[in-house]
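Bear in mind that the values here come from a model prediction, so they are computed numbers and not experimental data. Chain naming here is simple, since letters A, B, ... match the order of the sequence lines and numbering starts at 1 in each.
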Amino acid sequence: MIGYILTPEQYNQVQGQYYSEYQFFNCVLSIDNVWFLFLSDEDKTVVSTTKWNWILSLPEGEYVPPPSPPFPPTI
Amino acid sequence: MPRIGVGIGVGLPPIVAAAGGYDADAQAFFDRVTTAGGTLTTTEKNATNQLVLDMKSAGIWTSMKAVYPMVGASAAACAQNLKSSSFTGSFTSGWTFANTGVTPNGTSAYMDTFLNISLQANWVGNNHFSFYSRTQTPSGSGWNMGVGNASNGLPLFGLAVVRSGNAAIYDSGNFPVDRINVTQSDGQGFWLGSASSTSSRTFTKNGSTIGVSTTITTATASNDTIYLGALNNTNGSDFFMSQECAFSSIGESLTSTQASNFYIAVQAFQTTLSRQV
């Protein structure tokens, strides 16, 4: 999955910030401890009209998730 | 234009909308959507109004704390709680909104309902989750809604429908000993988990029971809010899923009869909107 790559400073700027009244940015860490932000096409349309439109110019890359923690066996 | 509703299910009387307008609770929801900047079609309003009437007729309306009918195809509309002005949601980035429902990306997207289960009276012994999934193929390893700590022996409450490996799950208690885990290959449908006591939990799909648990749970309600689209993990990264949601609710426990009638009402709602599965 392709997402925007954020520096730690950029992450601190955007994480949890609202870009519309009912939507906020949520970033996730990759397996390499790099922050990624995923925007749907609808998100991009909204973001493009806000002060956050600089996000749309950030570099993009393929996100590799960290391994899931081992769940206990189900009963 | 309000329409006459027909009785649905066994034993339910015919329902007639209030003369001259919609049900007061339905109208209040429409007003919240409008105030938020969302829009609803006449078909969506009529369907939602009938849903409210049917839920009241079935005696389940008062058991609801949060009802998200996912109409309006926007964050502003879909964030609104049909039951009341409480628990208006907030969506993260990464959702797609459509006339058929809302779909998270399965990687980073969730909706915070702001419903803190520790503030609900007797949550552990009296709760329900419901999720109408329009996604057939099992996928993911997270939860479609919930809150808790995915560590052995700690409290976790939520639904997963349906994970890779064909696992459909209702958690209400300590993970995983109090879990109901059933094999299901089709994720589409109306999934409902209900706990009526600390030793009685029922999992239904489309109104029919698919699993029960009678373990005596010692869990306490997590001091945190329920997410939709993921588990709000109180101990680290959240666990995301990507199934399309066309309805969801949170509230008090429901009997098997109520669960059946709830499905009938929700399915009629979905059928009116031409998005039933």
Residues 35-48 of chain A: residues contacting chain B (heavy atom under 4.5 Å, by number): A/Leu37, A/Phe38, A/Leu39, A/Ser40, A/Glu42, A/Asp43
query: Less than 4.5 Å apart, any side-chain heavy atom of A/Phe25 and any of B/Thr92?
result: no
Smallest separation among heavy atoms of A/Tyr22 and B/Ala79, with atom names: CD2-CB, 3.7 Å
query: Out of curiosity, A/Gln17 CD to B/Ser93 OG, how far, rounded to the nearest 0.5 Å?
result: 12.0 Å
- request: Measure distances from B/Phe97 to the heavy atoms of chain A and classify the residue's part below 4.5 Å as side chain, backbone, both or neither.
  value: both
message: Taking side chain as everything from C-beta outward and backbone as N, CA, C, O, which of these in B/Thr88 sits under 4.5 Å from a heavy atom of chain A? Side chain, backbone, both or neither.
response: side chain
field: B/Ser90 versus A/Tyr18, closest heavy-atom pair with distance
entry: OG-OH, 2.9 Å
- prompt: Using non-hydrogen atoms only, which part of B/Ala75 is less than 4.5 Å away from chain A: side chain, backbone, both, or neither?
  reply: both
Contacting moiety of B/Ala36, where chain A heavy atoms sit under 4.5 Å: both
field: A/Ile31 atom CD1: more than 12 heavy-atom contacts under 6.0 Å
entry: yes
